[in-house]
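Take a look at the structure set out below.
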Amino acid sequence: MALSISVVVLLAIVVFLLIRKSGLKAGHAVVCALLGFYLASSSLSDSISTLTTNVASMISGLKF
């Protein structure tokens, strides 16, 4: 659960920065958010969740 909350916060920051600095219009951000909600309720949600978890564990396993 902590992973999904931090990903949501990270994505919200990215969208905010895109709106402020890169000229992303608020309407585009709303469409992206709606796409996320529809993807979450689709049959792809399990695959997306698994992919996100695997990428996060791969990143956390990197040694610097």
Side-chain angles (χ1 to χ4, degrees):
M1 187 60 146
L3 174 66
S4 64
I5 292 172
S6 60
V7 170
V8 168
V9 171
L10 176 66
L11 290 174
I13 290 170
V14 168
V15 169
F16 176 76
L17 291 175
L18 285 172
I19 289 172
R20 297 283 292 168
K21 303 291 182 190
S22 297
L24 179 71
K25 294 181 175 35
H28 297 146
V30 169
V31 169
C32 291
L34 289 173
L35 174 64
F37 283 115
Y38 282 113
L39 279 175
S41 64
S42 73
S43 62
L44 291 174
S45 64
D46 291 333
S47 300
I48 294 170
S49 178
T50 302
L51 175 70
T52 306
T53 303
N54 289 339
V55 170
S57 65
M58 182 181 71
I59 290 172
S60 68
L62 292 175
K63 304 283 187 209
F64 291 102

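FYI, the numbering just counts along the sequence from 1. Computed from a predicted model, the values in this text were never measured in an experiment.
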Between [X] and [Y], is there a donor-acceptor pair closer than 3.5 Å when you use the side chain of the first and the backbone of the second?
| X | Y | result |
| --- | --- | --- |
| S42 | L44 | yes |
| S49 | D46 | no |
| S57 | T53 | yes |

If you define the side chain from C-beta out and look only at heavy atoms, does anything of V31 sit under 4.5 Å from L35?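 A side-chain contact under 4.5 Å is absent here.
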
Are I19 and V14 grouped together when hydrophobic residues (ILVMFWY) are joined by side-chain heavy atoms under 4.5 angstrom apart?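 They do share one cluster, since a chain of ILVMFWY contacts under 4.5 Å joins I19 to V14.
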
Least distance between heavy atoms, A40 atom then S45 atom: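 Shortest heavy-atom contact: O-CB, 3.3 Å.
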
Residue that, paired with L51, satisfies side-chain contact (heavy atoms from CB on, under 4.5 Å) out of N54, V55, I48: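 Among N54, V55, I48, the one meeting side-chain contact (heavy atoms from CB on, under 4.5 Å) with L51 is V55.
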
